[in-house]
Structures are given as C-alpha cells and as structure tokens.
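Side-chain atoms are counted along with the backbone in the values below, which use heavy atoms only and exclude waters and symmetry mates. Sequence lines set the chain letters: A, B, ... in the order given, protein chains first and strands last, and positions in each chain run from 1. For clarity, every value in this text was computed on a predicted model and none was experimentally measured.
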Amino acid sequence: MGDQEPQPKQHRSYGIQTPGTKGVRGKKRYAMVVDLRKCIGCMSCSIACKTEYGLPLGVWRTWVKVMEKGSYPNTKRIFMPRLCNHCDYPVCVRNCPTQATYKHEEGFVLQRYNRCIGCRTCMVACPYNARHLLPEKRTDGNLPRMVVDKCTFCIHRVKKGVLPSCVQACVGGARIFGDMNDPESEVSRLLSTETVAVLKPELGTSPAVYYIGADWEIMDEPHSYTNRSVQNREEFNDFKRNHKGDAFADIVEGESLMAEVGKNWIGYLKTIPHKAKETLAAFKIFLFD
Amino acid sequence: MEESIVTYNAFHHVAWGTTISVYFWLVGASAGSFVISSFGWVFGIKRYKPLTMTASVTAIIMLLLVPFLLTWDLGKPVRFIYLLIPGYWHSTGPMAWGTLLICLYPMSMMVYSYFVIKSNQTFAKVFGIVAIVLALSTHWYTGVVMELNPGRFLNHTALAPLLFLTGAFISGIGLMNVIVWIRNMLLPEEKRFDWTLVYEMAQFMMYGIVFDIFLLFLDFMQTIYGSQNEVIGHGVVLMQVFRFPYLWLEMVIGLFIPLIILVTPLKRTKAGAIVASLLVAVGVYGMRIWWVMGGQYLQSFY
C-alpha cells in the first residue's frame, strides 16, 4: 500500500466553467511570467497584439505602463506590461449574466462574442482593466462590434503549438509563456527559482500572470492616480473628451462634474439611433429571412 | 524617498454611467412609492387607502421606464432576451437575478392594483405582500450588483443594499409627497388628499433620513479606517472629484437640510414638508451618481 504511487485525483467535469487548475496533476495550466528586468519598453507586444486581432483605436488587449523614478541625474524608467491575468477565480466569469465569458480548464479566460450582450458587467468586475468594449464603427463591418473583448492568451496559436503573439514579438525575451503544471517548462522553472509578484493579490483572484522584479509603485492602484505626469493627465482628458458615447461615465478632470454627467447622458442618447437601426435589422431578418 | 511619476498608461473607460445611476434612482423611488401604496391594503392603515392607486401608478410608471433605459444601454439591445433564456441564464451572475426581478416586480404591482380597483381585500393583501417582497428585492439587487465587485473598493461593502433600500424608502416618500402636492393643486377641493397624510409621511421620511445618515457614517468609518485604496478613494474620489454629488447633493441638500426642516416646527407647514420631500428625492440621486460612477473612477487610471 505504502509503496504505491499516489494516483492523480479525478476531477469532476464542470463543462466549460471549470474550477482553477493551478497545481492540479494531469491538467495543463497555461501561465505567463513577465521578467521586468528584461523589458525595454519597446511596446512590440502591444503592436503585435493589435496586429494579430485587428484591434481598433482606443482599446488594448495588452499594453505597457511606464513610470519614471528618481531625481536628475539619477533617474530610471520602468515598465510593466499588462494584460488579462487569466485568473483561477475570475470575478468576470462569475458575474457575467449570459455565460458569455468562461473559464477554460487549461487556464484561459475566454469571451464568446455571440453570447455577449454588451452589458459591461465583466468590465466593472475585472480589477485589472483587462476588458474593453469594441466600438460601433470598425473598418471591417463583419468584425464584432459593441461586445466586450479581452486577451485570450492567443489560444488559437497555443493550440497549434505556437507562442502567443506578444510573447513571440518580445525582443528582450521578457514574456515567458507555458504550462505551469509541467515541472519541465520554463514558466515552472522561473516560478520555482525567482521571486515573483502578482497584481492585487489581496483580492484572491489567483492571477496567472507573474512578474519578476516588479516595482511596488507601478503595481499600486492609488499611486497610478496620484502620481501622474501632467502630459499623461492631459492625454487622458483628451481621450475622454473624444470618446463620449456608448454610455460610458468618463469624467474630464477639471470640468464641472454635473456638466460631464449631462454630456454622458447626451452621449447615451446619441447611441440610440444606431442601436435602433441594428434592432430593426435584426427583427427584419427574424421576420422575413 | 525618490520621486516617481506615471508617464504612460492605457486609457480606460468607466463602464457604467449616467444611465445606470438614473436606473438605480428610478427603481428606488418606485420601491419607496410602492411601500406607501401598500400601507392601506397590506398593513391595514386605512387612512392611507386613498393614496393607494396614486402611489401604485407612480411606482409602475417609474419602473416601466427602466427596461427602455437598460435595453438601450446594452451594446447589443436585441440580445436582452438572452437574459431570460435558460441556456444563457447564468445563476451566479447578479444581473441574471436582477432581470427576473425587474420583470416580475411590475407584473406583481399590476396584479395588486387590479385587485385594489376591484376592492378585493384578500387578494390585494396577498399580491401586495408578494409585490412588496419583489419591490424590496429589486432595489436590494441594485446594491448587490455593485457590491459584488471586490475590485471596486468603494462599492464592495455589505452596507450597499441597506444604503440603497434606505435611499429608496426616503426618495419614494419624498416623490409621493411632491406628487400629492401637485395633485392637490390641480384637483378640486373635494378630491384632494388630506394634508395630514403628507405630514405623517414626512415623519416616516425623517426616521429614514436618520437611519441613512447612520449608514453613511458607518460607510465613512469603513473607508477612512480601511485600506490605502479606500482612504484615497474617499479623500480623492469622493471629497474632490465627486464632491458635489457626495457632499453637497446627497449629504447637505438631500439629508441634513431636510432633517433640519423635519425636526423643527416647519415640518407642520405645507411648504416645509414639500421642500424637505423635494430635497430628499433630488438628493438621493446624488448618492446614485457617486456610488455608480465614483466607485469605478479610480481604477480607470490603473
């Protein structure tokens, strides 16, 4: 009895809404390690991702946050690539009312556009800003519009044995992707030999994106608000001024709050005609086709 | 300590906006109005019976606006039907439950109103109780849908549903008092409601205001003794960016001025009761703004 190998625990099938698979024997669990010591802030990952998915302006599946530290002449610039954390306990999956977003048993948190109603509950639930609403106007009208989109860890590539687009494009080799349940993988080796950190560990979401050499200030949420450069603040204000609509609640800093609330209300009303057009088209197809 | 500034970050939207805050206010005022409607037929306070239909119709109208607001707020309005189809319905999603409540609540109010019109005391009472439970649940859900987001630290408190329900109670009464005032101005003497009902409802509203202030004090204590996120969330988001809806509209205009009116002899004057009611009804909207938009504000910079 005592000499027998412990058998892998048999897990109940949960369909597509699977429980976390970190450390579960016999299961794959894809994860990413970002070695910030190697990141040079070239933004190749963001561009590769944008190209891979034809993402429109104003939305990102992955981006690189930049911070400058120190006083002249002793200054340094630090980077933090950001993406969906593909959590083991994703709040977005739990809160989605139509099961449009789900947890794949190999760790991917995925989105089904055909089920998404664009209620943005998942965007409110996600603590990492990893989700965005695809805009109404896109160059190719056949691409998804007005539904929520997110990083997929490039599952379509991974399933064919190819690395995610951002990982392949990373010139410094800062992004490492693999199966963290496989003790032979590079990701496993790094997780067992290096000190790693995750974003917002206190929320208990069990993220699967790990950072080596992370700076606490760039990981800190209030710090991102209180310590912004003037240029960053102005750029964000311009972005908000030019993206009214789609019922978002953006407040331009320095403007009257109630006036901004009013503008958001007008933005909402402006979206109704094109939504009405789409609704009529859907009914027409339903009734006559 | 060395200086550090964020020079670049992706820009993110605040996902839920004005529409949702208006929806929360409408549902709250509807639930509050319906509670008034049920005083006569469910709780047996006979002097409130004349108010029943006015309160009930107000509650129904307020709630009938909600599906339009919410459906057009969706990215894909036609797909609202997914929220009701078993294969799509997701039991762990608070919004899935909320949709059911929003559908059932007006229906139950209409059935209740039908039996009130038919003067059927038994059925009016039974369906009144069902409608009250649904009214409270519908508004309880609006607190819950914001509460169950652990990353939104200003919203992530178990006090949320209570704050919403208390706000609903006082704003519903406030709205009813204003409607009674307008009705009394327009109708001839013999069809007017007794002003003592307004004074009495203003008294109920005062108890609600005191409880609301107590809840807000608890929330304030939790945030200023909370994590760094909560402290900065309170100091920067609520006291600076959302200062108007939080401090002025909700606290001063919506709670403290009406409370001052209602603890003085002014409460026995028509003007005093109506002004206090109007201020409360408007002030509660301030809470809906900061709760919805303020709670999401800080993270949009992360």
Side-chain angles (χ1 to χ4, degrees), chain A residues 58 60 63 65-71 82 91 94-99 115-121 123-127 129 133 146-147 200 203-204 217-218 221-222 224-229 231-232 236 239 243 247-251 253 257-258 261 264-265 268 271-272 275 278-279 282, chain B residues 2-22 72-80 82-83 88-90 92-96 98-99 145-146 148-152 227-229 232-233 236 241-245 289 292-293 296-302:
Chain A
W60 296 263
W63 69 97
K65 190 172 169 183
V66 183
M67 179 181 268
E68 287 177 10
K69 293 193 78 165
S71 306
R82 294 272 304 276
V91 191
R94 192 177 66 194
N95 284 14
C96 175
T98 58
Q99 303 186 51
R115 274 180 173 252
C116 181
I117 60 171
C119 67
R120 311 184 296 284
T121 304
M123 289 170 71
V124 178
C126 176
N129 290 336
L133 190 73
M146 297 304 281
V147 287
K200 299 186 178 178
L203 297 179
E217 284 179 316
I218 202 166
E221 183 174 306
S224 303
Y225 177 79
T226 51
N227 291 44
R228 284 171 296 151
S229 67
Q231 187 187 356
N232 182 248
F236 195 8
F239 174 77
H243 284 79
F248 289 130
D250 298 323
I251 305 294
E253 290 172 86
L257 185 109
M258 295 315 279
V261 169
N264 288 332
W265 185 245
Y268 163 72
T271 62
I272 290 180
K275 286 180 181 172
E278 192 173 284
T279 309
Chain B
E2 56 185 356
E3 286 178 28
S4 62
I5 52 167
V6 175
T7 51
Y8 174 75
N9 197 5
F11 305 128
H12 304 284
H13 291 292
V14 171
W16 282 350
T18 318
T19 335
I20 305 296
S21 60
V22 171
W72 292 115
D73 189 60
L74 296 177
K76 296 280 183 192
V78 187
R79 295 187 185 175
F80 80 92
Y82 290 2
L83 291 162
Y88 287 80
W89 197 76
H90 193 199
T92 60
M95 190 180 278
T99 311
V145 79
M146 296 300 297
L148 299 182
N149 298 303
R152 310 288 174 169
S227 65
Q228 181 203 15
N229 286 359
I232 293 184
V236 173
V241 184
F242 286 81
R243 192 185 182 88
F244 179 73
I289 291 179
V292 176
M293 292 152 89
Q296 302 170 72
Y297 182 74
L298 202 58
Q299 196 187 298
S300 63
F301 298 89
Y302 182 51

So, for [X] and [Y], which heavy atoms are closest and what is the spacing to 0.1 Å?
X: A:Leu203; Y: B:Gly151; answer: CD1-CA, 3.9 Å
X: B:Gly75; Y: A:Lys275; answer: O-CE, 4.2 Å
X: B:Gly17; Y: A:Ala249; answer: CA-CB, 3.2 Å

Should [X] and [Y] count as side-chain neighbours, where that means a heavy-atom distance under 4.5 Å?
X: A:Asn95; Y: B:Asn149; value: yes
X: B:Tyr8; Y: A:Lys65; value: no
X: A:Leu257; Y: B:Pro245; value: yes
X: A:Gln99; Y: B:Trp89; value: no
X: B:Thr7; Y: A:Gln231; value: no
X: B:Val6; Y: A:Ser229; value: no
X: B:Met293; Y: A:Asn264; value: yes
X: B:Gln299; Y: A:Glu221; value: yes

At what distance, to the nearest 0.5 angstrom, does [atom1] of [X] lie from [atom2] of [Y]?
X: B:Arg79; Y: A:Cys119; atom1: CZ; atom2: SG; value: 11.5 Å
X: B:Tyr82; Y: A:Ile117; atom1: OH; atom2: CD1; value: 10.0 Å
X: A:Ile251; Y: B:Ile289; atom1: CD1; atom2: CD1; value: 8.5 Å
X: B:Gln296; Y: A:Asp250; atom1: CD; atom2: CG; value: 10.0 Å
X: B:Lys76; Y: A:Thr279; atom1: NZ; atom2: OG1; value: 9.5 Å
X: B:Glu3; Y: A:Ser71; atom1: CD; atom2: OG; value: 4.5 Å

Among [options], which residue forms the greatest number of heavy-atom pairs with chain B at distances under 4.5 Å?
options: A:Pro127, A:Gly58, A:Ala125; value: A:Pro127
options: A:Glu253, A:Arg228, A:Glu68; value: A:Glu68
options: A:Thr121, A:Val91, A:Ile218; value: A:Thr121

Top residue by heavy-atom pair count (under 4.5 Å) with chain A, among [options]?
options: B:Phe242, B:Tyr88, B:Phe11, B:Phe80; answer: B:Phe11
options: B:Arg243, B:Gln228, B:Met146; answer: B:Gln228
options: B:Pro77, B:Gly233, B:Gly98; answer: B:Pro77

Indicate, with yes or no, if the rings of A:Phe239 and B:His13 have centres closer together than 6.0 Å.
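Centroid distance A:Phe239-B:His13: below 6.0 Å, so yes.
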By a 4.5 Å heavy-atom criterion (distance strictly below it), what part of [X] contacts chain A: side chain, backbone, both, or neither?
X: B:Val241; value: both
X: B:Ile20; value: neither
X: B:Phe244; value: side chain
X: B:Val22; value: side chain
X: B:Ile232; value: side chain

A:Trp60: which residues meet the ring-ring contact (aromatic ring centres under 6.0 Å, His included) condition with it, sequence neighbours left out?
none
I'd like to check the ring-ring contact (aromatic ring centres under 6.0 Å, His included) partners of A:Tyr225; sequence neighbours left out, ordered by chain and number.
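With neighbours one apart ignored, the set is B:Tyr297, B:Phe301.
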Say whether, by atom type as modelled, one donor and one acceptor occur between the side chain of A:Lys69 and the main chain of B:Ser4 under 3.5 angstrom.
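No: the side chain of A:Lys69 does not pair with the backbone of B:Ser4.
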Any sub-3.5 Å donor-acceptor pair from A:Thr98's side-chain atoms to B:Leu83's backbone N or O?
no
Can A:Asn232 and B:Asn9 be counted as having a side-chain donor-acceptor contact under 3.5 angstrom?
no
Trace of the side-chain contact (heavy atoms from CB on, under 4.5 Å) decision for A:Arg120 with B:Asp73
CA-CA 10 Å; A:Arg120 311 184 296 284; B:Asp73 189 60; 2.9 Å; yes
